[in-house]
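First up is the structure itself, then whatever we jot down about it.
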Amino acid sequence: MENRFDFLNWLAHDMSIKILTCLEDISDIARVSCVSRSWRQYVIANGLSKQLCLKMFPQLSQVDHVVESTYGMKESAEVGSSNFMEWRSLEREHRAYAFLARGCTTFPVRELILEPICASSTDNYPEESIHNTLEPRDRVARRASYWSSKGQSNPAVPETLLYKLAGDLCVINEVSIQPFQAYFQWGLPIYSAKTVRFRMGYLQSPVDDPVGEPCQDSVDDKFICTYTSQEFPMAQENRLQKFKFPEPVLCIGGFLQIELLGRVQRQEMDGLILYMRVSCSDYGTTFITSIWC
């Protein structure tokens, strides 16, 4: 005990930072800040909780500044020095990012989709509406339950589905999609996309009629994307397919858009017309039940 020393005072600043940034759990950062007053000041001054949070969720790099609610708190009317105000700002960031990182890593596994907003196109509305993608059953009242796009002669024309999630901040690990197999058509064709991509973000203004006819053109102008995934290949199989992100993604804004890219199956009755039909399923921290491509 007589030979104890504080390594933060003995090591160079860069070496101390390198050691502490190896911590990968926000709880460890909190424990470090509780060792002593000087360690707490070191953690806050160097923004260690912010660095770890941004490492976990790079999407937060778009945050401009932190505003802390003062409801129920006594705010000092005294204006301090610039150093004091800067320190208060660093403390706010420390609390905010530590709270956010903790909250985003201790979430319960749950379904995240709150409601469907609209599809880029719908073949027969409302019988083949996007609302059918949240129905876990293949058939409802003796009728197949699925979403179907309009036909296109060009297989490169994409289709998109937009959903409102259960919160403005959601952590998504994976999305599961099951292409639909038309059991009522000759040859039992599977309507699947070649690849799928996911975009997350928010709407600048409300959608005029989210439960009416397809409104994707107006929504695209309002949708601000904060994250775009890689393209995932989709198997031409009637099974639940999981598309797992390399790292958990923080959806800022609470909207998820599914982009179905590349049409594969022709519908015999239309000749060259190609359709996409999908049904989605919710797994892990994702959403989705059934989608026809």
Side-chain angles (χ1 to χ4, degrees), residues 111 113 115-163 174-199 210-217 219-220 228-244 256-283 286-293:
E111 294 184 0
I113 279 200
E115 60 179 341
I117 300 300
C118 62
S120 52
S121 72
T122 300
D123 192 23
N124 295 299
Y125 187 90
E127 290 80 7
E128 298 174 334
S129 164
I130 184 178
H131 290 76
N132 295 336
T133 63
L134 300 185
E135 171 57 56
R137 295 170 295 177
D138 291 335
R139 306 185 190 187
V140 177
R142 298 183 179 180
R143 183 182 180 88
S145 178
Y146 60 91
W147 162 79
S148 176
S149 72
K150 289 185 178 298
Q152 295 285 344
S153 58
N154 181 2
V157 175
E159 295 286 348
T160 58
L161 301 171
L162 183 67
Y163 298 89
E174 65 183 31
V175 177
S176 300
I177 300 179
Q178 180 171 345
F180 183 80
Q181 185 170 24
Y183 58 84
F184 46 80
Q185 292 182 356
W186 185 83
L188 305 178
I190 297 175
Y191 292 89
S192 176
K194 288 184 178 179
T195 62
V196 61
R197 181 167 58 199
F198 307 99
R199 301 173 71 224
V211 295
E213 289 288 349
C215 53
Q216 193 67 32
D217 290 342
V219 170
D220 282 342
T228 301
S229 77
Q230 67 194 79
E231 287 188 28
F232 296 90
M234 180 177 284
Q236 315 307 307
E237 300 174 7
N238 179 29
R239 61 177 176 82
L240 193 66
Q241 301 177 32
K242 296 183 180 181
F243 303 99
K244 189 175 180 63
L256 172 64
Q257 185 182 69
I258 301 176
E259 293 184 294
L260 301 164
L261 309 171
R263 299 163 189 253
V264 178
Q265 182 65 47
R266 299 177 187 271
Q267 185 160 264
E268 289 297 329
M269 67 180 66
D270 296 322
L272 297 178
I273 305 300
L274 296 97
Y275 287 80
M276 288 186 148
R277 298 176 179 170
V278 185
S279 52
C280 306
S281 281
D282 199 63
Y283 268 71
T286 340
F287 80 102
I288 314 187
T289 322
S290 283
I291 304 181
W292 286 35
C293 305

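Since the structure is predicted, the reported quantities are computational estimates derived from the model, not experimental observations.
Although no hydrogens or angles enter the test, the distance criterion places a donor-acceptor pair under 3.5 Å between the side chain of Ser121 and the main chain of Lys150. No donor-acceptor pair closer than 3.5 Å links the side chain of Glu159 to the backbone N or O of Leu260. Looking only at distances, no side-chain donor or acceptor of Arg197 sits under 3.5 Å from a matching main-chain atom of Thr228.
Distance check, rounded to the nearest 0.5 Å: CH2 of Trp147 to CG of Leu134 gives 13.0 Å. We find the CD1-CZ distance between Ile177 and Phe232 to be 10.0 Å, quoted to the nearest 0.5 Å. For the atom pair CG of Leu161 and CD1 of Ile258, the computed distance is 5.5 Å after rounding to the nearest 0.5 Å. Atom-to-atom distance recorded for Tyr163:OH and Thr133:OG1 is 2.5 Å, nearest 0.5 angstrom. Summarising the geometry, atom CD belonging to Gln236 is positioned 8.0 Å from atom CD belonging to Gln241; distances are rounded to the nearest 0.5 Å. Atom CD of Gln257 is separated from atom SG of Cys118 by 8.5 Å, given to the nearest 0.5 angstrom.
The two residues Pro233 and Phe243 have their closest heavy-atom pair at O-CE2, 3.4 Å. For the pair Leu261 and Pro158, the tightest heavy-atom approach, listed with the atom from each and the gap, is CD2-CB, 3.7 Å. Residues Asn132 and Pro126 share a closest heavy-atom pair of ND2-O, 4.4 Å. Considering every non-hydrogen atom in both Ile190 and Asn238, the closest pair reads CD1-N, 3.5 Å.
For the 3.5 Å distance criterion, the side chains of Thr122 and Glu128 fail to qualify, holding no donor opposite an acceptor.
Between Glu231 and Lys194 there is no salt bridge, since none of the side-chain N atoms of the basic residue sits less than 4.0 Å from a carboxylate O of the acidic one.
Contacts of Arg143 classified as salt bridge (charged side-chain N to carboxylate O under 4.0 Å, His left out), with partners at least two apart in sequence or in another chain: none. Residues passing the side-chain hydrogen bond (donor to acceptor under 3.5 Å, both in side chains) test with Glu127, sequence neighbours excluded: none.
Proximity of Ser192 to Met234: side-chain heavy atoms (C-beta onward) are separated by under 4.5 Å at one or more points.
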